[in-house]
Amino acid sequence: MKSDLQFKEDSKLIHEYLKAIKKKLRPHTKAEKKYLTELKNAMYDYAESSGDKPITMEELIEKFGEPKECANQYNVEFDTTHTDSKSKRLTAVVISLVLFIALIITICFTIFLRSELKNSRNSEISKIESKTIIIQEQTATETDYQESRKITPVSQPTIK
């Protein structure tokens with residue numbers, strides 16, 4: 001069984017190796033985490049099987065391959081090298097297309113509203129003039145009252 005010091009040295013070395021692999025991996029997905037967890041467990045098992053002697057980076061490379069090779073193997077196995085760039089390109093195309101369609105719709109709507117505004121200004125309804133009728137109230141004064149009460153003599157028939 002390894003001592004704590006040897007275990008820490010092995011852990012540090014395994015961590016450096018995994019860090020080098022993470023730099024070469026493209027997407028950060030559940031599959032990547034699973035792959036790295038399985039690889040780490042395999043490395044710890046290898047470190048335990050080595051007995052009391054600490055493992056070296058050369059031994060890890062000999063047993064598991066160069067970090068770049070491990071990353072490439074993962075990328076080929078899960079086809080992430082092309083999928084990642086394809087999905088990014090596809091996403092960019094879709095977003096561009098949606099924005100372009102939104103722009104076209106906005107332009108068409110603006111043209112429609114402008115023509116409707118012109119039509120409403122030129123319509124017959126807007127040409128109708130409104131007339132204001134002012135009703136003036138007349139107040140009857142006494143003189144007006146008296147004048148209205150004046151009796152005008154009826155012309156009398158003349159006899160011949």
* How long is the span from the CG atom in L13 to the CD atom in E58, to the nearest 0.5 Å? -> 8.5 Å

* How far does OG1 of T37 sit from CG of L18, to the nearest 0.5 angstrom? -> 9.0 Å

* Structure fact -> Separation between CD1 (I111) and OG1 (T106), nearest 0.5 Å, reads 11.0 Å

* Asked: Same cluster for F112 and I104 if Ile/Leu/Val/Met/Phe/Trp/Tyr side chains link at under 4.5 Å?
  -> no

* **Distance in Å, Y44 OH paired with I14 CD1, rounded so as to fall on 0.5 Å steps** => 5.0 Å

* Give the intermediate values and the outcome of side-chain contact (heavy atoms from CB on, under 4.5 Å) for residues K40 and H15. => CA-CA 8 Å; K40 181 171 69 172; H15 179 74; over 6 Å; no

* To do: Please answer whether the main-chain N or O of T56 pairs with a side-chain N or O of E59 as donor and acceptor at a distance below 3.5 Å.
  => yes

* To do: Starting at CD of E62, measure out to OH of Y46 and round the result to the nearest 0.5 Å.
  => 6.5 Å

* Closest non-hydrogen atom pair, A71 against I21 -> CB-O, 3.9 Å

* **Distance-minimising heavy-atom pair for L60 and M43** => CD2-CG, 4.2 Å

* Asked: For the residue pair Y17 and C70, what are the closest heavy atoms and their distance?
  -> OH-SG, 3.4 Å

* To do: Please report the shortest heavy-atom distance between D10 and I55, naming the atom on each side.
  => OD1-N, 3.1 Å

* Linking I/L/V/M/F/W/Y whenever their side-chain heavy atoms sit closer than 4.5 Å, directly or via other members, would I101 and V93 fall into one cluster? -> no

* Structure fact -> Taken to the nearest 0.5 Å, the spacing of L103 CG from L99 CG works out to 8.5 Å

